[in-house]
Amino acid sequence: MSVEPQVLSALRAEEDDPVKLLRLASLLLKDRIAVLSSFGAESALLLAFVAEAAPDMPVLFLETGKHFPETLAYRAELARFLGLTNVQDVKPSPAALKERDPTGELWAFDPDACCQLRKVEPLDAASLPFAVLVTGRKRGQAATRAALPVVEEKADGQVRLNPLAAWTGKDITEEMARRGLPPHPLVAEGYLSIGCGPCTHPVGDGEDARAGRWAGHSKTECGIHTAV
Ligand code: SF4
């Protein structure tokens, strides 16, 4: 499913203002756009922008079955606080889990296969109706994201909107505080980038926020943003 070139041009003209960008995207794309959110450490700001622009826009949450209980509670609290009316859990297929991860410990010895099973494949299926997915990725998060455009065309024709691409961690923290957005409860415990429980650790002072993700492995991405 592709997006018309004139729509992409119109979106690029609004890429400096996240709320205007999301409002225009909702208007032009109608039911062809969804948000992807982990309800993690910095998710509240993008979701606040979505709530301001189009509170009924679908928000897809990858319910891997491995999240911290605090994340699941925060998902509910934040949706309520912001007035988001269309948050959807995207889950792995029970049959695939039974066949490929019967003990639930695949993450420990093959995290790529676990992310494929619990994130990539469910998202591929859930995102089929959507030509555009909105993400909260930022250029400063990782070397792999350094050149991230706000309007990103992928090889398969799908488009990702990254309204916060140019925002720094400091910008986000300050704007979250200015808006009075509730923080993820684990941020206070040193978790600055939050994914599934078994694969996320707190980081020390001065460490990169994503240093606690898949610590001890060369893995830096789960695959949902690198797959085409
Ligand atoms: S982050 Fe860890 S537990 Fe979650 S899907 Fe990936 S490997 Fe599995």
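Indexing begins at 1, ligand by ligand and atom by atom, following the structure's order.
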Presence of N, O or S from Cys114 under 2.8 Å of atom 8 (Fe) of ligand 1: yes
Could you pull out all donor-acceptor pairs under 3.5 Å where a side-chain atom in residues 11-27 meets a protein atom, sequence neighbours excluded?
unit_1: Arg12; atom_1: NH2; unit_2: Glu153; atom_2: OE2; d: 3.1
unit_1: Asp17; atom_1: OD1; unit_2: Val19; atom_2: N; d: 3.1
unit_1: Asp17; atom_1: OD1; unit_2: Lys20; atom_2: N; d: 3.2

Subset of ligand 1 atoms that lie under 4.0 Å from at least one heavy atom of Trp107: 3 (S), 7 (S), 8 (Fe)
Cys199 near atom 2 (Fe) of ligand 1 via N/O/S, less than 2.8 Å: yes
Subset of ligand 1 atoms that lie under 4.0 Å from at least one heavy atom of Cys196: 1 (S), 3 (S), 4 (Fe)
Side-chain atoms of residues 75-83: list all donor-acceptor pairs with protein atoms under 3.5 Å, sequence neighbours left out, distances to 0.1 Å.
unit_1: Arg75; atom_1: NE; unit_2: Asp89; atom_2: OD1; d: 2.9
unit_1: Arg75; atom_1: NH2; unit_2: Asp89; atom_2: OD1; d: 3.1

2.8 Å cut-off met by an N, O or S atom of Cys115 to atom 4 (Fe) of ligand 1: no
Single hit among Tyr74, Phe68, Tyr191 for ring pair (Phe, Tyr, Trp, His ring centres under 6.0 Å) with His184: Tyr74
Pair His67 + Phe61: ring centers closer than 6.0 Å: yes
Donor-acceptor contact below 3.5 Å, side chain Lys66 vs main chain Gly104: yes
Atoms of ligand 1, numbered as shown, that sit under 4.0 Å from any heavy atom of Lys66: 3 (S)
